[in-house]
*Asks:* 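Mind having a look at this structure? Questions to follow.
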Amino acid sequence: MSSKQEYPIEATGVWVFGFLSVVLAVLKLTVAESWSWWRVMLPSLAFLGHNAVYLLVGFLCFCWLNHEEDEEQPTAVQKHSRAGYNIVALIFFFLFLDNLLRRVEGQGWKGFWPCSGRFEVVVLFGMLSLVAQFVYWSRIVSGLNQEHA
């Protein structure tokens with residue numbers, strides 16, 4: 001029996017987004033005192049929120065998975081995954097949170113700009129994040145359904 005797990009938990013995202021939050025906290029304490037602590041914690045909040053949406057959409061999409069009672073060998077989900085959609089969903093969720101903070105804090109700009117804080121932009125990036133998550137999970141579920149057929 002080997003000491004290495006077959007599917008280890010990857011904590012790279014936690015470390016990267018935690019490091020970004022620490023860097024922003026240092027910048028707030030030294031250079032940019034006008035930033036709110038919500039803005040400082042934006043990378044960590046985006047990471048946690050993205051993962052919550054990821055799990056929720058994943059559970060919803062697995063409802064459409066065809067089940068077979070006599071299946072003995074496990075299926076490989078990784079070969080059907082599309083990591084690009086997941087990364088795009090994370091970027092859209094980050095932009096959604098950034099625009100939401102700009103709207104709440106009143107730091108929005110006039111006009112249509114990806115970081116304007118306007119209501120339409122907040123809704124747009126929230127919906128794009130959900131659509132990217134549904135595309136990501138639907139590709140996995142359709143690949144698994146084809147394997148069962």
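What you see is a predicted model; the values in this text were computed from it and never measured.
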*Asks:* To the nearest 0.5 Å, how far apart are CG in D98 and CZ in R103?
*Replies:*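 Going from CG on D98 over to CZ on R103, the span is 14.0 Å.
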
*Asks:* Side chains of L60 and F134, heavy atoms from C-beta outward: is any pair under 4.5 Å?
*Replies:*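 L60 vs F134: side chains touch.
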
*Asks:* Any pair with a residue in residues 10-41 that passes ring-ring contact (aromatic ring centres under 6.0 Å, His included), sequence neighbours left out, goes on the list, sorted by first then second residue, please.
*Replies:*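 As it turns out, the ring-ring contact (aromatic ring centres under 6.0 Å, His included) pairs with a partner in residues 10-41, which skip direct neighbours, are F17-F47.
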
*Asks:* Under a single-linkage definition using a 4.5 Å side-chain heavy-atom cutoff for Ile, Leu, Val, Met, Phe, Trp and Tyr, are L101 and L20 assigned to the same hydrophobic cluster?
*Replies:*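 They do not share one cluster, since no chain of ILVMFWY contacts under 4.5 Å joins L101 to L20.
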
*Asks:* Enter the distance from L42:CG to L100:CG here, rounded to the nearest 0.5 Å.
*Replies:*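 One finds 10.0 Å between CG of L42 and CG of L100.
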
*Asks:* With salt bridge (charged side-chain N to carboxylate O under 4.0 Å, His left out) as the rule and sequence neighbours excluded, what pairs involving residues 43-57 come up?
*Replies:*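 As it turns out, there is no salt bridge (charged side-chain N to carboxylate O under 4.0 Å, His left out) pair with a partner in residues 43-57 once direct neighbours are skipped.
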
*Asks:* Work out which heavy atom in V121 is nearest to a heavy atom in S116; give both atom names and the distance.
*Replies:*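 Reported closest heavy-atom pair: CG2-OG, 3.4 Å.
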
*Asks:* Mind checking the CG-CD spacing from N86 to Q133? Nearest 0.5 Å is all I need.
*Replies:*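 Those atoms lie 5.0 Å apart.
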
*Asks:* When you measure from the side chain of S138 to the backbone N and O of V135, does any donor-acceptor pair fall under 3.5 Å?
*Replies:*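 Here the side-chain-to-backbone pair exists.
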
*Asks:* How many angstroms lie between atom CZ of R102 and atom CG of L97, to the nearest 0.5 angstrom?
*Replies:*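 One finds 12.5 Å between CZ of R102 and CG of L97.
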
*Asks:* Side-chain heavy atoms nearer than 4.5 Å, only ILVMFWY residues, links allowed to pass through others: does that put L128 and V122 together?
*Replies:*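 They do share one cluster, since a chain of ILVMFWY contacts under 4.5 Å joins L128 to V122.
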
*Asks:* Going only through I, L, V, M, F, W and Y residues with side-chain contacts under 4.5 Å, is there a path from V53 to L48?
*Replies:*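 No.
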
*Asks:* Quick one: pull up CZ in R39 and CG in L45 and give me the separation to the nearest 0.5 Å.
*Replies:*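 Here the interatomic distance stands at 11.0 Å.
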
*Asks:* Are V23 and V16 grouped together when hydrophobic residues (ILVMFWY) are joined by side-chain heavy atoms under 4.5 angstrom apart?
*Replies:*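 In one cluster: no.
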
*Asks:* What side-chain donor-acceptor pairs closer than 3.5 Å can you find for residues 87-94, not counting sequence neighbours?
*Replies:*
none

*Asks:* Tell me whether V14 is reachable from Y54 by hopping between hydrophobic residues (I, L, V, M, F, W, Y) whose side-chain heavy atoms are closer than 4.5 Å.
*Replies:*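 Result: no, two separate clusters.
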
*Asks:* Given 3.5 Å as the limit, does a donor-acceptor pair link the side chain of S44 with the main chain of M41, or not?
*Replies:*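 Judged by distance alone, no pair lies under 3.5 Å.
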
*Asks:* Would you say the side-chain atoms of N99 pair up with the backbone N or O of G117, donor to acceptor, closer than 3.5 Å?
*Replies:*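 Side chain of N99 to backbone of G117, a donor-acceptor pair under 3.5 Å: yes, one is there.
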
*Asks:* Atom SG of C61 and atom CD1 of I140: how far apart are they, to the nearest 0.5 Å?
*Replies:*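 These two atoms lie 9.0 Å from each other.
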
*Asks:* Determine whether W137 and Y85 satisfy the following criterion, ring pair (Phe, Tyr, Trp, His ring centres under 6.0 Å), listing intermediate values before the conclusion.
*Replies:* CA-CA 9 Å; W137 280 107; Y85 292 112; over 10 Å; no

